[in-house]
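First comes the structure, then the notes that go with it.
Chain identifiers are assigned alphabetically (A, B, ...) following the order of the sequence lines, protein sequences preceding nucleic acid strands; residue numbering begins at 1 within each chain. Everything numeric here is computed off the predicted structure, so don't read it as measured data.
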Amino acid sequence: MYATLILVQTLNGLQLGIILFLIAAGLTLVFGVMDFINLAHGVQYMLGAYFAYEFTTLTGSFTLGLLMALPAALLAGLVLEAFIFRHLYDRDHLEQVLATFGVILFLNQGVKVVWGASPLFVPVPDWLQGSIEILPGFFYPIYRLAIIAAGLGVAALLYFLVNHTRAGMLVRAGASNATMVAALGVDIRFLFMIVFGFGAMLAGFAGAMVAPILSVEPGMGDNLLILAFVVIVIGGIGSIRGAFIAALLIGLVDTLGRGFSTDLLRLVMDPSAASQTGRAIAPMLTYILMALVLVFRPSGLFPVKK
Amino acid sequence: MTGMKKLAGAALALCMATTAAAAQDTHVRIGLMYTLSGPPAALGEQSRDAFLLALEQMGGKLGGKEVVLTIVDDELKPDVAVTRARGLIERDDVHFVIGPIFSNVAQAIQKPIVDAGRIMISSNAGPSDLAGEQCHPNYFNTAFQNDQVHEVMGAVAKERGYQRVFLLTPNYQAGRDSMAGFKRGFEGGGEIIDEVYVPMNQLDFSGELARIAALQPDAVFTFMPGGMGVNLVRQYAQAGLTDRVPFLSAFTVDETNLPAQQAAAQGMYSGATWTPDMDTPGNAEFVAAFEAKYDRVPALYAMQAYDTAMLLDAALANVDDLSDVEAVRAALKTAEFPSLRGAFRFNTNQHPVQNFVLAQVAQRADGKYQTQFVEEVFTDYGDNYAALCSMSQ
């Protein structure tokens, strides 16, 4: 029984990791390439979920809704970039943090005005309904498996784009030394815009994918944003590969930590003290991991060479 | 001629002033305080709307007296609530404050209101201290004491012979109280195999659900209010657990959450004092009127506010002078009103003695979901804190 529980929790951890990766990928590129701290990245995840809700309700099909949510999220990212973020690239980090925090407040309130404060509901598409028996007596929701598959697909696509295309090469070069890339005649502003829009779309994709399992509500991206920052710090800022490994690591540590810390502590403590301590320690584990990484590898697991 | 006009005008003005003053004395001033903003606004709106419906049905009068109503939003912030309560007392000079939804708000506003000599009627929140040591002659509760609904589910689990029960709740005061209430009802029954406390506002329950699937308990009991409950219920159904592990709950599947939970909540159980389909006098009419006016199914919050209006209607008919607080209190205590939940009377701590029922989510013929009556669990049941209340001695 225990082995299967570990397997299921591992799948849950992978699923959280995949979602984190989709958010962190854009964040790490924007931070790495443009040296721009975008706190409003979680808002783009939220917008993706709201777009998925809106278009799914409109068309009656989640697949269509998802396909329409992607360009909408891209467009939202580009609009934000053109009107707000573009003017912040040359400012210092504090001003970027303040301005993008303002964007969070504005957009959280904005979705309340448009869609209301109550949590919204996106149905799971019929063909992904239900759960399958992955092991005798153990059921796992098909939709969550679909999230894992879709996320791995996107990761593979990103790997190809970043490592085997000209645009990807420029992005990698930009992450190492943006000034030099600009000096070589590349329109770095245009590159920034592409990277930004793409990052926004990935976050929007993550939001749209979780809409059928989590409720769509204002502020839903704020908690994940913090974890996404933990991911990019652990992975190394600007590194897609680092973000991927770190996201899976955080997803697994968080989920397995919550699932098993109490059980592990029970081996050495009495049950009530164990459950009390386990409850307190579990949410800390990801931050402890980050602290350890910062001590031993201050620039992350896969630092971008400068 | 102009002199005459002036004189007539003055006389008219004087006349109007005196009628206004006279009218003011027979008016009953009521302040409604509910949470009307943020995600939990759905609960407060149910209560507010039901009270307004009752008032409309009685032609804007309670007990034959014209009602002057002030509605305020406590924003689910105790400090804001206290300021608003003071406003109701000092600016609006209300006789009654009705509300709130949440216990932390009730605990904050009770003292300022009763100390000012006004009467507070809590139509939902029933924290244990206000039922026990801090009970007050000016404080009434028309809902329940918080522990009771959870106790009901404990008693149900025991009665059904569940040997291994799994508990799940957010890690905050009301969550811990809920688990304590369940255990009291479950005492002498089976074993609690695990108690999981999740962080407030957790949205993904995959880890907890995997644990439930692995432990295969006889039943799960949870108190997961608001958006958390929507997520838990939908994920519980998606994980295919509904048919295999009975889902017992309190304030998790109700008419405020069901529009979002839909079919996922089908068959889940909840503890309650009333359900929309209960066959009590006036209930069918109330549900029909509420749905016709607001286009949603009324929840407990609505029924309790409606009952509060009915209580006031019955009590105020026997009161001539509203400034005589003692007479108003006596009238409230002895008022006979047709409660939508059937039998209702006040205990010595001025909390209800009533029946508690087990409810189950079902789909109606018109496609909407509601909780439906399954069985009566406790009959004429008072709370455990009445003995601690000084009014009981």
Side-chain angles (χ1 to χ4, degrees), chain A residues 1-13 15-16 19 112 116-121 123-124 128-133 137-144 210 212-220 222-224 254-260 262-263 271-272 275-276 278-280 282-283, chain B residues 35-43 45 167 169-171 176 192-216 226-245 256-264 296:
Chain A
M1 182 199 92
Y2 231 81
T4 35
L5 181 56
I6 290 175
L7 176 73
V8 172
Q9 297 289 37
T10 307
L11 281 176
N12 287 334
Q15 184 236 308
L16 174 62
I19 294 295
K112 259 187 223 174
S118 318
L120 299 174
F121 161 86
V124 176
L128 293 173
Q129 275 287 3
S131 48
I132 50 168
E133 202 166 3
F138 269 84
F139 293 84
Y140 200 74
I142 297 172
Y143 189 77
R144 286 182 190 263
V210 301
I213 49 172
L214 305 184
S215 56
V216 179
E217 56 186 46
M220 63 187 280
D222 300 353
N223 290 337
L224 272 181
D254 192 56
T255 309
L256 294 176
R258 280 180 208 282
F260 296 107
T262 308
D263 294 342
S272 74
S275 74
Q276 196 96 37
R279 226 179 287 155
Chain B
T35 303
L36 298 171
S37 54
L43 317 187
E45 285 163 3
L167 306 185
T169 192
N171 192 11
R176 288 186 289 272
I192 307 280
I193 52 168
D194 204 353
E195 265 179 273
V196 175
Y197 292 84
V198 299
M200 245 341 226
N201 295 324
Q202 173 170 316
L203 293 182
D204 192 349
F205 294 92
S206 53
E208 290 73 22
L209 293 178
R211 211 174 162 77
I212 291 171
L215 291 170
Q216 304 200 327
M228 300 177 76
V230 174
N231 281 307
L232 174 65
V233 163
R234 290 178 52 200
Q235 291 166 20
Y236 198 87
Q238 279 168 15
L241 284 167
T242 317
D243 299 331
R244 291 183 287 137
V245 184
T256 58
N257 272 348
L258 282 172
Q261 291 162 334
Q262 299 276 344
R296 52 199 149 99

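- Within the 4.5 angstrom heavy-atom criterion, no atom of Asp254(A) approaches chain B.
- Heavy atoms of Val210(A) lying under 4.5 Å from chain B are absent altogether.
- Side-chain polar atoms of Gln238(B) and Tyr236(B) form no donor-acceptor pair below 3.5 angstrom.
- Using a 4.5 Å cut-off between heavy atoms, Asp194(B) touches chain A through its side chain atoms alone.
- For Arg144(A), the salt bridge (Lys or Arg N to Asp or Glu O under 4.0 Å) test picks out Asp204(B), with sequence neighbours left out.
- Proximity to chain B (any heavy atom under 4.5 Å) is restricted, for Gln15(A), to the side chain, taken from C-beta onward.
- Side-chain contact between Phe121(A) and Val216(A) is absent, with no heavy-atom pair separated by less than 4.5 Å.
- Both the backbone and the side chain of Ala210(B) come within contact range of chain A, with heavy atoms under 4.5 Å apart.
- For a residue to count as touching a neighbouring chain, one of its non-hydrogen atoms must lie under 4.5 Å from one of that chain's; by this rule Arg211(B) touches chain A with backbone and side chain alike.
- When side chains are defined from C-beta on, Arg234(B) does not count as touching Leu214(A), because their heavy atoms never get closer than 4.5 Å.
- Judged purely by distance below 3.5 Å, without hydrogens or angles, the side chains of Asn12(A) and Thr255(A) never pair a donor atom with an acceptor atom.
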